[in-house]
Structures are given as structure tokens and as C-alpha cells.
Amino acid sequence: MATTKYEVTYIIKPDVDEDNKKALVENYDKVIADNGGTMVESKDWGKRRFAYEIDKYREGTYHIMTFTADNADAVNEFSRLSKIDNMVLRSMTVKLDK
């Protein structure tokens, strides 16, 4: 099976403190690794203002992960967990060209 490269961008609520944000990022990096993904890059984009309100917030902290995986298990598990996590406002997964 071919390896696919993915990029996941997620937005963390701006009122989450640094320690909880760091633990959240480490947890999602581990979710990718535990489900067969190989992390290429995980970086913080910092706090940015939104074009419109999301859940009564006008800004959020963006984080981007780039990883490779043989199947969609890592993507599916991240998506499932981020939807029920109250610290994550939004997430988006994109399949990248080689």
C-alpha cells in the first residue's frame, strides 16, 4: 500500500494555558504515532485573529502537523478525538501531493 502524506491544521482555544496546550499537542502527536503515522513536522503557528467568530471566540492558536501514513487510521482517530475535545475549536485535514 502506498504511503500518503497528510497535513492537519487545528485551532486551540486562546484561553488554554501553555502547559495544557503543550500537553494537548503532545497527545495529538502521540495519537498519530500510535495509529501508524510517522510525524514529519509539528509546529505552532501562534495566535491569530479569525475572520468571524467561532464558538464566541475571535482568535485562536493554530497548530500544524505534517505526517505520513499507510492508511487513514491516524487521520480518522485524530478527527474523532478532536471533535470531542473541548479545547479544539476546529480542525482540517488535507492530503498532500508527494
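Each residue takes its place number in the sequence, starting with 1.
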Could you list the donor-acceptor pairs under 3.5 angstrom formed by side chains in residues 58-69, with sequence neighbours left out?
from: H63; atom 1: ND1; to: K43; atom 2: O; distance (Å): 3.2
from: H63; atom 1: NE2; to: S42; atom 2: OG; distance (Å): 2.7

Practice task
For the pair T38 and I32, evaluate side-chain contact (heavy atoms from CB on, under 4.5 Å) and give the outcome as yes or no after the intermediate values.
Solution key: CA-CA 7 Å; T38 304; I32 298 301; over 6 Å; no
Practice task
Compare all side-chain heavy atoms of I12 with those of V25 and state whether any distance is below 4.5 angstrom.
Solution key: yes
Handout entry: Between N76 and D73, a side-chain donor and acceptor under 3.5 Å
Key = no
Practice task
Indicate, with yes or no, if Y6 and W45 share a hydrophobic cluster defined by side-chain heavy-atom contacts under 4.5 Å among Ile, Leu, Val, Met, Phe, Trp and Tyr.
Solution key: no
Fill in the blank from the handout: For N35 and V31 the tightest heavy-atom approach is ND2-O, 2.8 Å
Problem - Greater than 12 external heavy atoms within 6.0 Å of E18's CD - result: no
Handout entry: Residues forming a salt bridge (charged side-chain N to carboxylate O under 4.0 Å, His left out) with D44, sequence neighbours excluded
Key = K21
Exercise for the section: For L24 and Y10, work out which heavy atoms get closest and say how close. Expected result: CD2-CE1, 4.4 Å
Practice task
State the CD-CD distance between E41 and E7, to the nearest 0.5 angstrom.
Solution key: 9.0 Å
Which donor-acceptor pairs under 3.5 Å do side chains of residues 84-94 form with protein atoms, sequence neighbours excluded?
from: D85; atom 1: OD1; to: M87; atom 2: N; distance (Å): 2.9
from: D85; atom 1: OD2; to: Y28; atom 2: OH; distance (Å): 2.8
from: S91; atom 1: OG; to: S82; atom 2: OG; distance (Å): 3.3

Handout entry: Non-hydrogen side-chain atoms of I11 and F50 separated by less than 4.5 Å
Key = yes
Handout entry: Hydrophobic cluster identity match, V8 and M39, side-chain contacts under 4.5 Å
Key = yes
Completion exercise
When rounded to the nearest 0.5 Å, the distance separating CG of D29 from CG of D34 is 11.0 Å
